[in-house]
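Report on the following structure.
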Amino acid sequence: MAEGKQYWLFKSEPESFSIADLEKAPKKTAFWDGVRNYQARNTLRDKVKLGDGVLFYHSNADPSAIVGTAEVVKAGYPDHTAWDKKDHHFDAKSDPKNPTWYMVDIKHIETFAAPITLPSLKKEKPLADMVLLQNSRLSIQPVSEKQWNYIQKLSKKSATRS
DNA sequence: GCCAACGTTGGC
DNA sequence: GCCAACGTTGGC
């Protein structure tokens, strides 16, 4: 592999898919379908690799927070839900011979004992340049190794404190 | 190719 | 539920 392990943040509304759903899934593994944004698609298709680390983020939640981690167990492949007329994410324009949308598979690693909420993330100076904190609506975001390690540390700290 | 209208995301 | 930010669509 040309590059070492990379890190990402995946956003999901817990109403539609939460980290608890991932943990309950068979083999604690699920496919990350339904991405219908080109920038996020490009990341899933071209950049996210087997073995990469994923921060699981609950958006539109109370409170919104990073709730745990997962690992990429299958790199980008066509999102078949785009061809399922009954699926909420159906897209008539995606051609099976030249798929528009992609997804990856992730496996649950850890659910944080105490989620790291958005307000507490904002207070951490070393995380100030996280894409998440830049007013970004992007659902698949890059995370630096430094940010990843810092968040790992934070999750241990808040777990013992609460 | 510009840009106004419209739709969606997501924090609050 | 409101609304700011921003992505997408479509008329020209």
Side-chain angles (χ1 to χ4, degrees), chain A residues 6-25 30-48 52-70 72 76-106 108-144 146-148 150-152 154-155 157-159 161-162:
Chain A
Q6 301 175 100
Y7 303 94
W8 312 97
L9 180 143
F10 286 15
K11 275 190 205 170
S12 180
E13 302 198 14
E15 299 292 309
S16 56
F17 191 78
S18 73
I19 194 160
D21 294 330
L22 180 63
E23 199 170 3
K24 278 181 296 191
F31 46 80
W32 200 265
D33 65 316
V35 169
R36 296 292 180 267
N37 166 283
Y38 285 102
Q39 202 181 338
R41 185 281 311 267
N42 291 344
T43 306
L44 284 181
R45 187 187 56 188
D46 306 331
K47 304 231 177 79
V48 178
D52 282 359
V54 173
L55 295 173
F56 201 116
Y57 178 80
H58 282 174
S59 64
N60 254 321
D62 187 22
S64 294
I66 296 173
V67 291
T69 53
V72 176
Y77 63 105
D79 181 346
H80 55 74
T81 67
W83 308 318
D84 180 355
K85 279 203 172 75
K86 286 179 296 239
D87 195 281
H88 179 63
H89 300 291
F90 173 70
D91 178 5
K93 283 179 291 192
S94 183
D95 174 0
K97 283 186 237 99
N98 184 19
T100 310
W101 305 115
Y102 281 73
M103 60 186 181
V104 300
D105 288 358
I106 63 170
H108 180 268
I109 296 177
E110 180 188 9
T111 299
F112 294 156
I116 307 170
T117 66
L118 186 60
S120 65
L121 287 167
K122 284 179 178 167
K123 281 186 223 143
E124 302 292 340
K125 288 241 170 59
L127 299 178
D129 55 356
M130 271 189 88
V131 180
L132 181 70
L133 304 180
Q134 306 302 310
N135 243 335
S136 174
R137 288 165 41 190
L138 199 57
S139 60
I140 305 289
Q141 310 178 347
V143 172
S144 74
K146 249 168 59 185
Q147 291 161 353
W148 170 272
Y150 192 83
I151 285 161
Q152 293 285 337
L154 275 185
S155 73
K157 232 202 293 181
S158 51
R161 215 192 286 138
S162 64

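Only a predicted model underlies this, so the values are computations on that prediction, with no experimental measurement involved. Convention: sequence-line order gives letters A, B, ...; per-chain numbering from 1.
Within a 6.0 Å radius of CD in A:Glu110, other residues, nucleotides and ligands contribute more than 12 heavy atoms.
Across the interface with DNA chain C, nearest-nucleotide mapping of A:Asn60 and A:Gln39 shows A:Asn60 to be the residue nearer the 5′ end. In terms of position along DNA chain C, the nucleotide closest to A:Ser136 lies nearer the 5' end than the nucleotide closest to the other residue of the pair A:Lys93 and A:Ser136.
For DNA chain C, the span of nucleotides reached by chain A at under 4.0 Å from its heavy atoms goes, 5' to 3', from C:dA5 to C:dT9.
Between the side chains of A:Asp105 and A:Tyr77, a donor-acceptor pair is found at a separation under 3.5 Å.
Smallest separation of non-hydrogen atoms from A:Leu44 and A:Met103: CD1-CA, 4.1 Å.
Between A:Trp83 and A:Phe90, the ring centre distance reaches or exceeds 6.0 Å.
In this structure, the side chains of A:Ser144 and A:Tyr7 stay at 4.5 Å or more apart for every pair of heavy atoms.
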